[in-house]
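Because the structure is predicted, anything quoted here is derived from the model rather than measured. Lettering follows sequence order; numbering is per chain, from 1.
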There are 2 protein chains.
Amino acid sequence: MSQRNTDVSAQLNALTGCAPDAVTPFTPGQARACTVREVLDRVGGKWSIGILVAASQGPVRFTELERQIEGISRRMLTLTLRNLERDGLLERRVHPTVPPKVEYTATPIALELYESLVALTSWAERHRGAIAAARQTYDREHTTP
Amino acid sequence: MSQRNTDVSAQLNALTGCAPDAVTPFTPGQARACTVREVLDRVGGKWSIGILVAASQGPVRFTELERQIEGISRRMLTLTLRNLERDGLLERRVHPTVPPKVEYTATPIALELYESLVALTSWAERHRGAIAAARQTYDREHTTP
DNA sequence: CTGTATCCGTCAGGATACTG
DNA sequence: CAGTATCCTGACGGATACAG
């Protein structure tokens with residue numbers, strides 16, 4: 001199993017652009033950064049969060065999402081759903097009826113992720129104003145001498 | 001101030017691809033998703049987190065970062081630094097010496113963000129294995145019948 | 001209803017040479 | 001040392017049209 005795990009880890013790291021632990025033990029801080037990257041590479045896409053949030057309320061159908069997400073294309077909806085399913089964040093259940101009916105549900109792992117995201121929303125809400133102000137200041141000072 | 005805030009908020013939302021609150025009150029869940037997007041649009045870049053982590057330990061110089069970050073190009077380092085500075089997450093201090101010396105320091109806001117990210121790293125560490133396994137399973141079941 | 005297949009545009013990001 | 005200026009590439013994502 002250790003053999004297996006090594007492979008998996010290396011593969012995962014390769015996929016996420018993170019160097020394998022064994023190869024880069026010299027910058028301890030960056031290991032932490034790398035861990036965060038793993039998450040971002042998974043839910044950093046333009047639509048992932050929206051879908052995850054919607055699916056966290058209970059089973060959702062394809063067309064429901066298409067309407068709820070507002071602006072997503074059919075293609076991106078499918079792609080994002082597949083990726084989330086692949087990572088074990090969504091469960092896809094097909095009802096063999098006619099017309100077809102497919103329901104997506106957030107897995108326990110995804111629900112935990114959703115909880116973790118609360119910390120981020122809190123941060124955004126607290127500092128949203130300060131950030132906007134910082135931008136204005138910066139932009140003002142860096143244009144038209 | 002309310003006037004000002006409205007403008008800022010609308011502008012911010014425009015910049016982040018989120019619809020202004022007033023315009024989309026119909027999907028309450030997606031508002032939350034939108035808030036998370038604000039964060040991701042700020043630190044979702046390939047190098048932002050790494051730089052933020054490094055700068056959180058104390059003032060860091062340009063070349064220090066270039067070595068520490070491992071794989072970053074000079075161009076992307078500059079760009080990411082500028083963006084973080086613009087959003088008020090980094091402070092850039094120039095020492096008028098020769099040769100020049102520039103130090104980047106994480107602002108209090110950035111440090112708070114850093115704390116919030118801990119929840120995410122914890123999530124990643126707990127489920128990293130499960131996700132890798134889910135991927136293997138998915139890939140096995142979706143290739144060469 | 002739930003997708004797949006195609007085509008195409010944009011833009012983050014890499015490599016590298018030059019500069020105050 | 002700490003950047004800018006260019007050029008170039010691939011991946012992400014939008015717009016349809018078609019299909020089971």
Residues Asp139(A), Arg135(A): salt bridge by 4.0 Å N-O rule: no
With heavy atoms under 4.0 Å as the rule, sort Thr78(B) into base, sugar-phosphate or nothing. base
Whether Thr121(A) side chain and Thr35(B) backbone form a donor-acceptor pair below 3.5 Å: no
So, Gln30(B) side chain and Ile69(A) main chain: donor-acceptor pair closer than 3.5 Å or not? no
Which of His95(B), Arg92(B), Arg61(B) passes side-chain hydrogen bond (donor to acceptor under 3.5 Å, both in side chains) with Glu103(B)? Answer is His95(B)
Using whole Å, what does the distance between atom C1' of nucleotide dC1(C) and atom OH of Tyr104(A) come to? 11 Å
Phe62(A) CZ to dA19(D) C1', in whole Å, measures 14 Å
Counting just side-chain N and O atoms, does Arg61(A) come under 4.0 Å of either OP1 or OP2 of dG3(C)? no
State plainly whether one hydrophobic cluster holds both Val94(B) and Val98(B), where clusters connect Ile, Leu, Val, Met, Phe, Trp and Tyr through side-chain heavy atoms under 4.5 angstrom apart. no
Side chain of Pro100(A), heavy atoms from C-beta onward: which of dT2(C), dG3(C), dA2(D) has the nearest atom to it? dT2(C)
To the nearest angstrom, how far is Glu66(B) atom CD from dA2(D) atom P? 9 Å
Hey, are the side chains of Leu81(B) and Glu85(B) touching, using non-hydrogen atoms and a 4.5 Å cut-off? no
Whole angstrom value for the distance that separates C1' of dA15(C) from CG of Leu77(B): 15 Å
Are any side-chain N or O atoms of Ser56(B) and backbone N or O atoms of Leu52(B), one a donor and one an acceptor, separated by less than 3.5 Å? yes
What protein N or O atoms touch nucleotides 12-15 of chain D N or O atoms at under 3.5 angstrom, if any, and at what distances?
{"unit_1": "dG13(D)", "atom_1": "OP1", "unit_2": "Lys46(A)", "atom_2": "N", "d": "3.0"}
{"unit_1": "dG13(D)", "atom_1": "N7", "unit_2": "Arg75(A)", "atom_2": "NH2", "d": "2.4"}
{"unit_1": "dG14(D)", "atom_1": "OP1", "unit_2": "Lys46(A)", "atom_2": "NZ", "d": "2.7"}
{"unit_1": "dG14(D)", "atom_1": "OP2", "unit_2": "Trp47(A)", "atom_2": "NE1", "d": "3.3"}
{"unit_1": "dG14(D)", "atom_1": "O6", "unit_2": "Arg75(A)", "atom_2": "NE", "d": "3.0"}

OH (Tyr104(A)) and CD (Glu64(A)) are apart, to the nearest 0.5 Å, by 12.0 Å
Whole angstrom value for the distance that separates C1' of dT2(C) from CD of Glu64(A): 13 Å
Examine distances only and state if a side-chain atom of Thr137(B) and a backbone atom of Ala133(B) form a donor-acceptor pair shorter than 3.5 Å. yes
I need the CZ-C1' distance between Arg74(B) and dT19(C), as an integer number of Å. 12 Å
For dT4(D), does OP1 or OP2 lie under 4.0 Å from any side-chain N or O of Arg82(B)? yes
Figure out the CG/C1' separation between Leu81(B) and dA12(C), and round it to whole Å. 16 Å
Find the distance His142(A):NE2 to dG3(D):P and express it as a whole number of Å. 12 Å
Students should find that the end-to-end axis angle of the helix from dC1(C)-dG20(D) to dG20(C)-dC1(D), with five pairs defining each axis and rounding to 10 degrees, is 50°
